[in-house]
Participant: 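Sharing a structure, written as structure tokens. Questions coming.
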Protein chains: 2
Amino acid sequence: MAQSNLESTAKHAIYQTLRRSIILGRRAPGTRLNVEELSEEYGTSITPVRDALQMLSQESLVTIQPRSGYFVTRVTLKELRDLLDLREILESAAVERAALRITDEELDALEHVHAGYTGDDDFSYDRYTEENRRFHCLIAQASGNQELTESVGHLHDRLARFMVLRRAGKTMEYTHARIIKALRAHDPTLARQAMVDEIRDAASLILDRVIQTEGSAWELGGVAQPGI
Amino acid sequence: MAQSNLESTAKHAIYQTLRRSIILGRRAPGTRLNVEELSEEYGTSITPVRDALQMLSQESLVTIQPRSGYFVTRVTLKELRDLLDLREILESAAVERAALRITDEELDALEHVHAGYTGDDDFSYDRYTEENRRFHCLIAQASGNQELTESVGHLHDRLARFMVLRRAGKTMEYTHARIIKALRAHDPTLARQAMVDEIRDAASLILDRVIQTEGSAWELGGVAQPGI
DNA sequence: TTATATCACATGATATATCAGATTGCAAGC
DNA sequence: GCTTGCAATCTGATATATCATGTGATATAA
């Protein structure tokens, strides 16, 4: 997304709000998104709504059936596995690079990401998920590669609705502390190992949870697009 | 980009044509893209032109200055370096995974990508660049990770206008043969090394060429967006 | 009762007009 | 001569109307 000051446009405000509601699971996968309803909800015409939906479709959060409808994208189990694997590829590379060049300021920032465990309610889990995203993006930023940072951020956005399923509120600070320790030691191998451990644990938990709680709704290995 | 049968829409046809002209360098970085002119050129109203430009901006090929103009995105030297580094991250991971699971059919396909060296003219270089993209996407596909495959494809699209600068028409088949040999041996370490060698050689050549031929036009380490 | 054809409606896609902000050029003041 | 302010123009952003396609419902025939 290459734009300057796009934040001043209505389409951007709608995009952000809608994106967040999809990511946080308030609009369920497969749900139809109706442009007339959305334009009433946001108090605009359908044009910026369409623009926002176009943007979301390019992030694969929304699927366009031309001339038929817009839908919140369903994710197959295969796609989820692919995303989690891609996450490992990107974030292990990021943390290796970060270990070699991270500054004290950046390390301090990492240590202040978490506001602590406050329970297992939905509100707390929204916060933990956001803090987790911030933590990992700060590491990617410390890699010095902005393209990599943006890729990591987008990946977290796409995975956010699944990250909540982990229920890792109690353990997150511990696993992140391991990563911070390796970064402080400027040890790329150790940092990579700590990161890969976290990511694989998370992937395993997410996949288990998804299969348990939504097994019957998943298109295992198939194409899960509306209308097909 | 999550859509079904989008190819039937005018916005998609415009998107593809415009995208290609940017990638092939026919619209130079920094060039203003005027919606009225484009709508006349494509014989439509400005609406699908706007849609297409929105899509291109999300791929960072176009930069939107809200209420001011659309421009072909300029890439800073830092961004180019970051992209090339991200390419190494993604493609080395892809080739490792491919080495473990590539089929004979996929290997045959790799061996038939190249139509041979035909000279140093522009037309030939367009073809080499396209063949190079296809080669690397086939490898990513052989990794079995569709998300990774798409990421590699997008990366090649963004880098296409720089890949041409390599002038690697004569050497490409040789470097690709090394990779194919390692894949045939199902040796991930060897495959990774061959891939990293190619990517680093390419990156070095591209950066040298860019600095030589366009050094004075580059915003070294700065922000190179129109109007700033 | 089932299969096929037709019609009506829903909804995205597109066209056109208007609005809103940015940019440029010119004039006045210092 | 330089700077600032204002007006005009440019151009993207948005609103509204119309078009085009897909889907579901209904009617008709076998």
Side-chain angles (χ1 to χ4, degrees), chain A residues 1-19 22 27 30-73 223 225-228, chain B residues 1-18 22 27 30-74 223 225-228:
Chain A
M1 175 114 62
Q3 26 242 335
S4 353
N5 202 33
L6 185 68
E7 287 74 19
S8 61
T9 60
K11 73 181 178 185
H12 186 71
I14 296 167
Y15 160 73
Q16 284 200 316
T17 309
L18 205 39
R19 186 162 176 268
I22 291 169
R27 297 185 193 267
T31 304
R32 176 189 284 274
L33 301 168
N34 179 285
V35 288
E36 302 280 359
E37 288 173 11
L38 290 172
S39 70
E40 284 177 26
E41 186 177 329
Y42 294 114
T44 67
S45 76
I46 68 169
T47 307
V49 170
R50 281 190 72 255
D51 286 346
L53 289 168
Q54 175 61 57
M55 290 155 78
L56 290 166
S57 94
Q58 278 194 274
E59 294 186 348
S60 300
L61 290 177
V62 166
T63 299
I64 303 182
Q65 281 276 82
R67 300 183 177 87
S68 181
Y70 296 89
F71 301 87
V72 177
T73 301
V223 181
Q225 301 300 334
I228 302 184
Chain B
M1 178 114 61
Q3 28 240 337
S4 350
N5 202 36
L6 184 68
E7 287 74 19
S8 60
T9 60
K11 71 183 182 185
H12 187 73
I14 297 167
Y15 160 73
Q16 284 200 317
T17 309
L18 205 39
I22 291 170
R27 296 185 193 264
T31 304
R32 176 188 285 273
L33 300 168
N34 180 285
V35 288
E36 303 281 0
E37 287 172 11
L38 290 173
S39 70
E40 283 176 28
E41 186 177 330
Y42 294 113
T44 66
S45 75
I46 68 168
T47 306
V49 170
R50 282 189 72 254
D51 286 346
L53 290 168
Q54 176 63 56
M55 289 154 78
L56 289 166
S57 95
Q58 280 194 269
E59 294 186 348
S60 302
L61 291 176
V62 167
T63 299
I64 303 181
Q65 281 275 82
R67 300 183 178 88
S68 182
Y70 296 90
F71 300 88
V72 177
T73 301
R74 278 189 165 140
V223 180
Q225 302 299 337
I228 302 186

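Naming convention: chains lettered A, B, ... in sequence-line order (proteins, then strands); numbering from 1 in each chain.
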Participant: Could you tell me whether the side chain of B:Y42 reaches within less than 4.5 Å of the side chain of B:L18, counting heavy atoms only?
Facilitator: yes
Participant: Kindly indicate whether the side chain of A:H12, heavy atoms from C-beta on, has any atom under 4.5 Å from the side chain of A:Q16.
Facilitator: yes
Participant: Can you check the A:E36 CD to D:dT18 C1' distance for me, whole Å?
Facilitator: 13 Å
Participant: Please give me the minimum heavy-atom distance between B:A52 and B:K11, naming the atom from each residue.
Facilitator: CB-O, 3.7 Å
Participant: Grab the CD-C1' distance between A:E37 and C:dA10 for me, whole Å please.
Facilitator: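 Atom-to-atom, A:E37 to C:dA10, this comes out as 12 Å.
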Participant: Sequence neighbours excluded and cut-off under 3.5 Å, please list the side-chain donor-acceptor pairs for residues 33-40 of chain A, or say none.
Facilitator:
| residue | atom | partner | partner atom | Å |
| --- | --- | --- | --- | --- |
| A:N34 | OD1 | A:E36 | N | 2.9 |
| A:N34 | OD1 | A:E37 | N | 2.9 |
| A:S39 | OG | A:V35 | O | 3.3 |
| A:S39 | OG | A:E36 | O | 2.8 |

Participant: Using a cut-off of 4.0 Å on non-hydrogen atoms, how would the nucleic acid contact of A:I14 be classed: base, sugar-phosphate, or nothing?
Facilitator: nothing
Participant: Rounded to the nearest Å, what distance is computed from the CG atom of residue B:N34 to the P atom of nucleotide D:dT9?
Facilitator: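 One finds 18 Å between P of D:dT9 and CG of B:N34, rounded.
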Participant: For the atom pair CG (B:L56) and CG (B:D51), what is the distance rounded to the nearest 0.5 Å?
Facilitator: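 The distance works out to 11.0 Å.
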Participant: Give each protein N/O atom lying under 3.5 Å from an N/O atom of nucleotides 14-16 of chain D, with the pair distance.
Facilitator:
| residue | atom | partner | partner atom | Å |
| --- | --- | --- | --- | --- |
| D:dT14 | OP1 | A:A10 | N | 2.4 |
| D:dA15 | OP2 | A:S45 | N | 2.6 |
| D:dA15 | OP2 | A:S45 | OG | 2.3 |
| D:dA15 | O5' | A:S45 | OG | 3.3 |
| D:dA15 | N7 | A:T47 | OG1 | 2.7 |
| D:dT16 | O4 | A:T47 | OG1 | 3.4 |

Participant: Any side-chain N or O of A:Y70 below 4.0 angstrom from OP1/OP2 of C:dA13?
Facilitator: yes
Participant: Using whole Å, what does the distance between atom C1' of nucleotide C:dA10 and atom CG of A:L38 come to?
Facilitator: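 That distance rounds to 15 Å.
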Participant: Let me know the distance between CG of B:L33 and C1' of D:dT11, rounded to the nearest Å.
Facilitator: 13 Å
Participant: Looking at residues at least two apart in the chain, or sitting in another chain, which of them share a side chain to side chain contact (heavy atoms under 4.5 Å, CB included) with A:T31?
Facilitator: A:A28, A:V72
Participant: Nearest whole Å is fine: how far is D:dT11 P from B:I64 CD1?
Facilitator: 16 Å
Participant: How close or far is atom C1' of D:dC10 from atom CD of B:Q65, stated in whole angstroms?
Facilitator: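 Those two atoms, CD and C1', are 14 Å apart.
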